[in-house]
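The structure under discussion appears below in the form of structure tokens.
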Amino acid sequence: MMNSNLPACIQNKSAKIAVIGLGYVGLPVACIFADAGFDVLGVDINPNRIEKINLGQSPIEGDEPGLAELLATVVARGKLRADSDYANLAAVDIVLVAVETPVDENNVPQYVALKAAMSDLGKVITPGTLVVIESTIAPGTMQSVVQPILETESGLKANDDFYLGACPERVMPGKLLANLRRMSRVCGGGTPETARLMVELYRNIVQAELDATDIITAELVKTTENAYRDVQIAFANEVAKICEINGADVWKVRELVNKSPGRNMHLPGAGVGGHCIPKDPWLLAYSANGRVPLHLIPAAREVNESMPIHVAEMTLHALEEANIAPESARIAVLGYAYLENSDDTRHSPTAALVDYLQPKVADIRIHDPWVSPYRTDIWTTVSECDAVVLMVKHDAYRKLDFERMGKALRTPIFVDGRGFFAPEAVKSAGLRYFGVGRG
Ligand code: SAJ
């Protein structure tokens with residue numbers, strides 16, 4: 001049993017908390033613990049982000065209900081400040097880690113940020129500190145990467161001199177604060193005592209179930225739940241392609257399939273983006289370590305990565321049908337973020353579509369109401385184009401004026417990559433309609 005008064009400090013909120021990595025995960029976490037009454041120190045390597053946060057301004061530009069206000073409030077109250085100097089961490093009791101954990105072109109986890117953060121933290125950590133990894137990591141990474149670095153750098157022993165656990169995040173852009181408050185969490189502790197301590201800590205911000213368990217289970221649960229989503233989306237995308245060649249409508253098929261018990265067919269579409277779903281299945285696969293032959297997980301990745309190309313080919317086919325030579329065609333693309341109403345462009349399906357089409361057509365113009373280089377006037381973007389391709393279901397596109405679009409276009413072609421519009425609404429305005437999952 002660790003000799004520490006940390007349980008009491010969590011109880012009376014005198015525990016000092018640090019959050020390393022102030023991105024889409026770390027920043028809302030820092031704000032919500034500060035709002036709960038804890039003194040929070042945010043740590044990040046990006047000086048602009050630090051400066052903005054200390055001015056009470058949110059560096060996240062997407063539509064994030066409540067985040068900018070909460071940040072301004074807790075900074076003004078002196079409950080949250082940001083810094084890049086790790087020396088300050090010697091004085092904190094709890095360290096939450098939310099740095100990025102990408103994979104490389106061979107789908108191998110790259111823990112550059114995580115290793116650097118653990119190495120710097122290890123140099124200053126004091127006995128009795130609780131370290132919690134919120135980043136999504138391959139199962140086994142706590143044991144093979146995080147713990148050894150912390151122990152080597154600090155000379156302390158995990159579970160004896162300091163607490164170590166994993167509590168994978170479950171947030172998504174557009175719902176950061178809501179997800180943090182309302183989504184259940186898995187508290188994987190290096191010991192049952194640590195898991196209980198983590199439950200006590202997260203009880204301060206989470207109004208949902210908190211499941212105490214061990215570290216490997218927590219690592220597996222997170223990577224599995226995202227791999228599950230990826231496999232379900234891939235299945236829907238494969239069915240969409242089957243519906244196209246059978247002249248059917250996948251959205252109708254899905255509606256009726258989901259009426260049968262136990263079915264929850266996901267949404268087919270123009271691709272799977274973001275920092276989580278395209279990557280986390282590979283983290284799970286990595287932990288199979290070649291000892292388990294994998295079929296479903298890699299296949300699902302392949303199907304979902306094929307969707308932006310599928311939409312690009314659908315667009316080229318539409319041009320051909322309209323006797324428009326692709327090399328002279330101008331294409332307008334609506335949406336660059338990976339998710340509706342977000343400014344997050346990580347692993348954007350539109351980037352893959354543009355890369356594929358660029359060498360084949362004369363010009364591509366991109367519009368996105370949330371992503372700064374593409375925040376242009378939509379009618380200037382589509383004017384004199386030969387096709388409009390919808391890639392993201394931003395609310396800003398919900399009421400598109402197809403009559404006006406028909407007049408603005410050189411060739412009236414509309415490709416719906418997300419099943420966002422009823423084909424009739426597009427066709428009745430005189431446009432040629434093409435859509436994922438609709439033959
Ligand atoms: N997508 C589809 N069809 C669907 C659902 C999504 O094509 O049925 C596409 C979206 O357009 C997007 C991508 O997949 O490009 C990812 O969308 P998402 O809704 O999964 O959003 P993320 O990646 O921000 O959030 C996911 C969520 N995970 C699960 O729902 C299991 C979120 O709860 C996690 O917190 C987040 O990953 C994460 O951080 O891991």
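As the structure lists them, so they are numbered: ligands from 1, and atoms in each ligand from 1. In this chain, numbering begins with 1 at the start of the sequence shown. Every value quoted in this text rests on a predicted model; they were computed, and no experiment measured them.
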- Message: Give the residues near ligand 1 by chain and number, with the criterion being a heavy-atom distance under 4.0 Å.
- Response: Glu169, Arg170, Val171, Met172, Pro173, Met183, Lys222, Glu225, Asn226, Arg229, Ile233, His266, Leu267, Gly271, Val272, Gly273, Cys276, Ile277, Asp280, Tyr338, Leu339, Arg418

- Message: Assess whether a salt bridge exists between Glu255 and Lys252, defined as any Lys/Arg side-chain N lying under 4.0 Å from an Asp/Glu carboxylate O.
- Response: yes

- Task: Write out all pairs satisfying salt bridge (Lys or Arg N to Asp or Glu O under 4.0 Å) with one or both partners inside residues 329-347, taking only residues at least two apart or from two chains.
- Result: Asp344-Arg346

- Query: With sequence neighbours left out, what residues match Phe414 under ring-ring contact (aromatic ring centres under 6.0 Å, His included)?
  - Reply: Phe402, Phe421

- Task: Applying ring-ring contact (aromatic ring centres under 6.0 Å, His included), name anything that partners Tyr397, two or more places apart in sequence or on another chain.
- Result: His367, His394

- Item | Ala117 to Ile20 - nearest heavy-atom pair and separation | CB-CG2, 4.1 Å

- Task: Applying side chain to side chain donor-acceptor pair (under 3.5 Å), run through His317 and Glu313 and close with a yes or a no.
- Result: CA-CA 6 Å; His317 169 72; Glu313 282 294 335; over 6 Å; no

